[in-house]
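This structure is a prediction, so every number in the text was calculated from the model and none was measured. Here is how names work: the chains are called A, B, and so on, in the same order as the sequence lines, proteins then strands, and each is numbered from 1.
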Amino acid sequence: MLALRLTRAARPAVQLRRLLVAAAAAGTGFLLLSCLGHALDHPEDAGAAALRLAWCAVPLAATVYFALAVARTDPGTRPRPGLSAVGLSPARLMAVSALTTALSCTLGSMLALLVFLHLRGDLTGMPFDGAAAGFLAADQPLPLPAALTLLVLPPATAAITVALALRPRDPRPATPDRRGFGRFGAYRRATARETFGTYGRFGSRVTRRTTAGTDAAGQPGPLRTTGSTDATAQHGAGSTAPSAARTGDPAGDVPTGGTPAGLPWGVALVTAGLAAQSYAGDPAPAPSLAVLLGWLLTATGLVVAGPGLTHLCGRLLQSVRPGALRLLAGRVLMTEATRIGRPLGVVCAVASAGYAMAVLYDDPSPDFGPLTALGALVVAGCTVATLLTAAVEARQCRAETIAALLRLGAPASMLRGAAALRTAALLALFGPLVLVVGALSALPSAR
Amino acid sequence: MEAPPDNDVLWARSLHFSHRDGSPGLTGISLGVREGEILAVSGPRGSGKTTLLRCLSGQVPVRCGEVWFNSAPVHTLGPMARERLRRDRFGWIDPEPVLVPELNVWENAALPLMLRGTGRRRAKAAAREWLERLDIGDKARCRPHALQHAERQRVAIARALATGPSVLFADEPTAPLHRADRAHVLRTLTAAARSHGITVVLATHDAETAALADRTVALLDGRCVRTVHLPDAPEPEGRAACSLSV
């Protein structure tokens, strides 16, 4: 009941996001149902039906990913310190969040079932002169348990994923505690301890070598690696832990300033994927397993490399004597690299796949039917919407800083300019990347 | 209409303000801030200190009453003009040090200067100078999360002072600090203001803090009051009998 009330009393933008989730779930559900229809129509060809069902995993994954992003940005399930005492604790909020997601997805599934039944002619006779009767097995009775099982799939997967991702966790250090080796080992930073007189005896004025020392000695501030950040956090745990607890991100996914580590792995995966596709040769009749594997590797590589590329983009943006505009734009991009970079990598993978498809099948091929179009639409829409939702989430997380900047008198136009600059920089980096990856993966097949 | 004294840099006349939900914030406040003085606005929580500072610094539009800065009306300015006024002439210190977490310490301190259009080199020099003066020059390359709370607050003060504002609004700048840090922060703030002739409007609920100011305006329930009659704490009976040192 609480989930329903929280769901009902949201603002239009939030409801729009939930409706988009419902629409994505409806698309996925309809694809699953049409797989069922195809299998009913061709009971002798089980292998093809299984293959169709396997292809539905892609829209399903995109839908779940989008639902998770929407659940993260849902203001109704934000942690409320004041309401924790009346029972709206983080665990309860996780349940509310999962339930809300399940509600939206179930709405979508119901919609898919309605459309499916309508097209089959079970409700009001055959629409469109029976044009859709072919692949929906209109002449056979619908096995209800099978349809319901398929329809339950998107809500259940989304709800379970949301519950797992948003489960309450204690804030913990980014790396597990490492053994201290005293003065002997190389891992511990040597701190010159005052050992003389009263200061030494009572441990006061122990020289705290914070990042100022490491930065002056090694890298400048923004180039600091995660290692030194963590060491600093542990070193001054007494001071930083309360403030971190006060800012209180329950998921513990506060983006640290460190460099995302995935860029080399991502580049290696993309290269391996492209190599696998080019060695697979000419897949004229049907894409072979090697081509699929190559695509999978390329897509994974793009997703893994996304944060690193975003971080690189931000670093380039704020390099060489930046003013306030470039400084704000670049540093924010560097900090939000993980949050923005992952969905951006997914969008990049989907877009390059779409580009390669467009190059390969420039003539409308016979197997590019309405269902394929629907699947492509669901996948592309979900990934783009996930990216936009991640941008909304980043904006929500930075609301306090933006308010402080406005109190200082920072012009709102400059903040908008910084956002536009970020978008332009990301487009300038990822647009050519999409084109290059798409063209390279289409190259061996087009020969 | 009575002309205000010549050396008043900022004054308010019969300032009324009610919050967006209709709850009363200020009910008829008139005060003047003289050039170069440190004015403490004291009062308990909820007495309208922050609201008064927000009205005076042009963060919220004043619907009823007048606010004048340097013989120019603030209450008639639009949002853009007030934003420019805040950027160019005013400084602001929050109770919590809200620094931009992505920038390091000197970039945070230099940010208002850069927002004004000062060149990067000059902004950096000014920011470093103020950070040195506030004893955090050795942490100028750290990120804010690596600093302690009092250090962050000092960075916020350096950020507010680096631009050389005409009026500095400090909204309970020492509220979340311990007493040692509190004294340090206040001493640096008042010393810097006096040596540079910066007018400071300091909101505080603390009598010790208010004692550092030149003048104190007491607020209660959104009004200026001369004397506050609060009931004395009743003498608890039997305190000596309960003493552990018996």
Q59(B)/R407(A) under side-chain contact (heavy atoms from CB on, under 4.5 Å): CA gap, chis, key distance, verdict: CA-CA 7 Å; Q59(B) 286 182 26; R407(A) 274 200 297 275; 3.5 Å; yes
For a side-chain contact (heavy atoms from CB on, under 4.5 Å) check, start with the C-alpha distance between V100(B) and V332(A), then their side-chain angles and the critical distance, and finish with the verdict. CA-CA 9 Å; V100(B) 183; V332(A) 171; 5.8 Å; no
The test is side-chain contact (heavy atoms from CB on, under 4.5 Å); show your working for L115(B) and M414(A) and say whether it passes. CA-CA 9 Å; L115(B) 287 175; M414(A) 199 210 68; 3.3 Å; yes
Determine whether Q318(A) and E102(B) satisfy the following criterion, side-chain contact (heavy atoms from CB on, under 4.5 Å), listing intermediate values before the conclusion. CA-CA 12 Å; Q318(A) 57 95 45; E102(B) 294 91 11; over 6 Å; no
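Closest approach of N104(B) to R331(A), counting heavy atoms only: N-NH1, 4.0 Å. Of all the heavy atoms in T401(A) and V98(B), the pair that sits closest is CA-CG1, 4.4 Å.
Taking chain B as the reference chain and counting heavy-atom pairs below 4.5 Å, the highest number among A404(A), P411(A), G323(A), A410(A) is found for P411(A). For the options L103(B), L85(B), L111(B), V105(B), heavy-atom pairs under 4.5 Å to chain A are most numerous at L103(B). Ranked by non-hydrogen atom pairs under 4.5 Å with chain B, the options A412(A), G330(A), P322(A) are led by P322(A). Contact count against chain A (heavy-atom pairs under 4.5 Å) is highest for E83(B) among E83(B), K124(B), R82(B), M114(B).
Between the CG atom in L406(A) and the CZ atom in R86(B) there is a gap of 7.5 Å [rounded to 0.5 Å]. For the atom pair CG (L408(A)) and CZ (R159(B)), the distance works out to 4.5 Å, reported to the nearest 0.5 Å.
Under a cut-off of 6.0 angstrom, the local environment of CZ in R122(B) is sparse, with at most 12 non-hydrogen atoms contributed by other residues, nucleotides or ligands. Few gaps surround NE2 on H196(B); more than 12 heavy atoms of other groups in view lie less than 6.0 Å from it. Atom CZ of R395(A) is surrounded by 12 or fewer heavy atoms from other residues, nucleotides or ligands within 6.0 Å.
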